[in-house]
Undergrad: 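My structure is below; once you've seen it, I'll send some questions.
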Amino acid sequence: MAEKVQIKVVVNGVEHHSEVEPRLLLVHYLRETLGLTGTHVGCDTSQCGACTVHLDGQAVKSCTLFAVQADGSSITTIEGLGSVDSLHPVQEGFWEMHGLQCGFCTPGMIMAAADLLNRNPQPSEEEIRHALEGNLCRCTGYHNIVRAVQYAANKMAGKVGVAADD
Amino acid sequence: MYTAPFSYKKASNLSEALSLLQQNPEAKLLAGGHSLIPAMKLRLAAPPLLIDISKVAELRGIRREGDTLVIGAMTTYRELETSDLLKELCPIIPQAVSLIGDPMVRTKGTIGGSLAHADPAADLPASMLALEARIKIQGPSGSRVVEAEQFFTGMFSTALGEGEILTEVHIPVRPGARMAYAKFPHPASRYAVVGVAVVLDGNSVRAAVTGAGEHAMRLTKLEQALSGQALSAESITAACQGLLPADNLNHDLAASKEYRAHLVDVMAKRALLQAAGL
């Protein structure tokens, strides 16, 4: 059995010290060790994006990363993005524009969209679709997800509650 | 999915990584992990030790040294895609990288990891060949530099020897050169079914293809047909006919040999038209 490794990570602002087996995937560390089950395991093959979290401010697929690789990093999961009382603009956008149906892909979708808006605050529709290529949704057909991201971009730019195509 | 158990060591500098590799010949280097970890999860690979080189500072960054662009092996796709230096001096790299995987994959994936893995459908090898890049390799007894064309030796095979680490990619600066990459992505994986990179530098045309065969290769027939010629939509269309015989090309569920050969012509034409601004 491989030797366990000591890691220190800050998750949603809280510091954690853990001893982990090297093969423990970050997504399982988040879900099973820390109990943060908002991050989902979808395909488990780096394709669907349901496991997307932010590692030092950049979106990653936590099913394709060992927890040991996150040592010394700061992680944000869907639980740390906003709160029930104060939703993140992307979360509000998904709510307002009906950007979800079953909800399974939604945490990853929201984390990927928030990463896009950090890099590109006013993306075109084409840029939104390109940026969400790594997130699969089998319910919505994506149209309302795009509108949700447009809503969030407008909200963050101070144009409250206006969807781009309205 | 869990990988087989393995031990994990984080190298803090290049010499530590080299000595760990020398002491553990069965070990694998862990760069961005986006080829290695999926292979380990499927138990196609089960290295007893992973040497994490993500904290090796000398393997990161993009800089200009005289007439050469030097890219550290651990530079991520995201860094390549957003580099102002590359956008100005070597725009084919940010353009090609923007078509790799998806944004999350590009956060972690690295240029050195991709080249060392040598997936026959990887995007960057075509640009490396068309740019006539040189690959710097560090081993236990010193460093050497290999032309990109000699670096790829087969499917998932490279000129890297035991105990060696790919450390840098060197790209000649070509002022005024025009360049583009055109790709037909696999509908599910987004890997290149066929991708063609072209670099137009003065009168010379350099072109290379990935995804078509066992490894990326120069399109010499196209280069000879167009070098020294005035480029027009007509001359490009005429040159992009039957560039590669279908016999030795890859075939899989996504594309037969014959379809791949056709795609090489079409992608070459698209890349040339884009680079030439036609």
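Labels below follow one simple rule: chain letters A, B, ... track the order of the sequence lines, proteins then strands, and each chain is numbered from 1.
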Undergrad: Quick one, B:Lys10 and A:Asp71 - any side-chain contact, counting heavy atoms below 4.5 Å?
TA: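 In contact.
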Undergrad: Using heavy-atom distances under 4.5 Å, tell me whether A:Leu65 contacts chain B through its side chain, its backbone, both, or neither.
TA: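 Contact with chain B is through both the backbone and side chain of A:Leu65.
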Undergrad: Would you indicate whether B:Arg270, at its atom CZ, is surrounded by more than 12 heavy atoms from other residues, nucleotides or ligands within a distance under 6.0 Å?
TA: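 Not buried by this count: 12 neighbours or fewer within 6.0 Å.
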Undergrad: Give, as side chain, backbone, both or neither, the part of B:Leu50 having an atom under 4.5 angstrom from any heavy atom of chain A.
TA: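 The side chain, not the backbone.
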Undergrad: In terms of heavy-atom proximity below 4.5 Å to chain A, should B:Ser54 be classed as side chain, backbone, both, or neither?
TA: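 Looking at B:Ser54, nothing touches chain A.
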Undergrad: Check A:Asp115 with B:Arg78, please: is the shortest side-chain N to carboxylate O separation under 4.0 Å?
TA: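 Yes, charged N to carboxylate O under 4.0 Å.
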Undergrad: Would you say CG of B:Leu44 has more than 12 non-hydrogen atoms from neighbouring residues, nucleotides or ligands within 6.0 angstrom?
TA: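 Check passes, neighbour count above 12.
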Undergrad: If we only count heavy atoms from C-beta on, is the B:Thr107 to A:Lys61 side-chain gap below 4.5 Å?
TA: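 The answer is no; the side chains never approach within 4.5 Å.
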Undergrad: Heavy-atom count around B:Glu26 CD within 6.0 Å, excluding the residue itself: above 12?
TA: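 It does not: B:Glu26 CD has 12 such atoms or fewer within range.
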Undergrad: Between A:Leu25 and B:Met1, is any pair of side-chain heavy atoms under 4.5 Å apart?
TA: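 No; the side chains remain at least 4.5 Å from each other.
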Undergrad: Under the side-chain contact (heavy atoms from CB on, under 4.5 Å) rule, what do A:Ser46 and B:Met104 come out as? Steps first, then yes or no, please.
TA: CA-CA 9 Å; A:Ser46 332; B:Met104 288 78 87; over 6 Å; no
Undergrad: So for B:Leu36, is it side chain, backbone, both, or neither that comes closer than 4.5 Å to the heavy atoms of chain A?
TA: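 Contact with chain A: none, neither part.
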Undergrad: Could you check if a side-chain atom of A:Glu21 sits within less than 4.5 angstrom of a side-chain atom of B:Tyr8, using non-hydrogen atoms only?
TA: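 They are not in contact (no side-chain heavy atoms under 4.5 Å apart), so the answer is no.
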Undergrad: Can you tell me how far apart OG (B:Ser189) and CD (A:Gln47) are? Round to the nearest 0.5 Å.
TA: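 Rounded to the nearest 0.5 Å, the OG-CD separation comes to 7.0 Å.
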Undergrad: Count the heavy atoms of every other residue, nucleotide or ligand shown that sit under 6.0 Å from NE2 of A:His143, and state whether that count exceeds 12.
TA: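 Open.
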Undergrad: Look up atom CG in A:Asn135 and atom CG in B:Asp102, then write down how far apart they are to the nearest 0.5 Å.
TA: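 Separation between the atoms: 7.0 Å.
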Undergrad: Without swapping roles, check the side chain of A:His130 against the backbone of B:Ser98 for a donor-acceptor pair under 3.5 Å.
TA: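 Yes, because the side chain of A:His130 sits within donor-acceptor range (under 3.5 Å) of the backbone of B:Ser98.
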Undergrad: With side chains defined as the heavy atoms from C-beta onward, is the minimum distance between A:Arg119 and B:Pro103 less than 4.5 Å?
TA: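 Sidechains of B:Pro103 and A:Arg119: in contact.
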Undergrad: Does some side-chain heavy atom of B:Asp52 sit less than 4.5 Å from a side-chain heavy atom of A:Gln69?
TA: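 In contact.
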Undergrad: Check whether A:Val5 gets within reach of chain B through its side chain, its backbone, both or neither, counting any heavy atom under 4.5 Å.
TA: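 For A:Val5, the contact with chain B is made by the side chain alone.
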Undergrad: Can you confirm whether B:Tyr2 sits close enough to A:Leu24 that some side-chain heavy atom of one is under 4.5 Å from a side-chain heavy atom of the other?
TA: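 B:Tyr2 vs A:Leu24: side chains touch.
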Undergrad: Relative to chain B, which segment of A:Thr64 carries a heavy atom at a distance below 4.5 Å: side chain, backbone, both, or neither?
TA: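 For A:Thr64, heavy atoms of backbone and side chain both lie under 4.5 Å from chain B.
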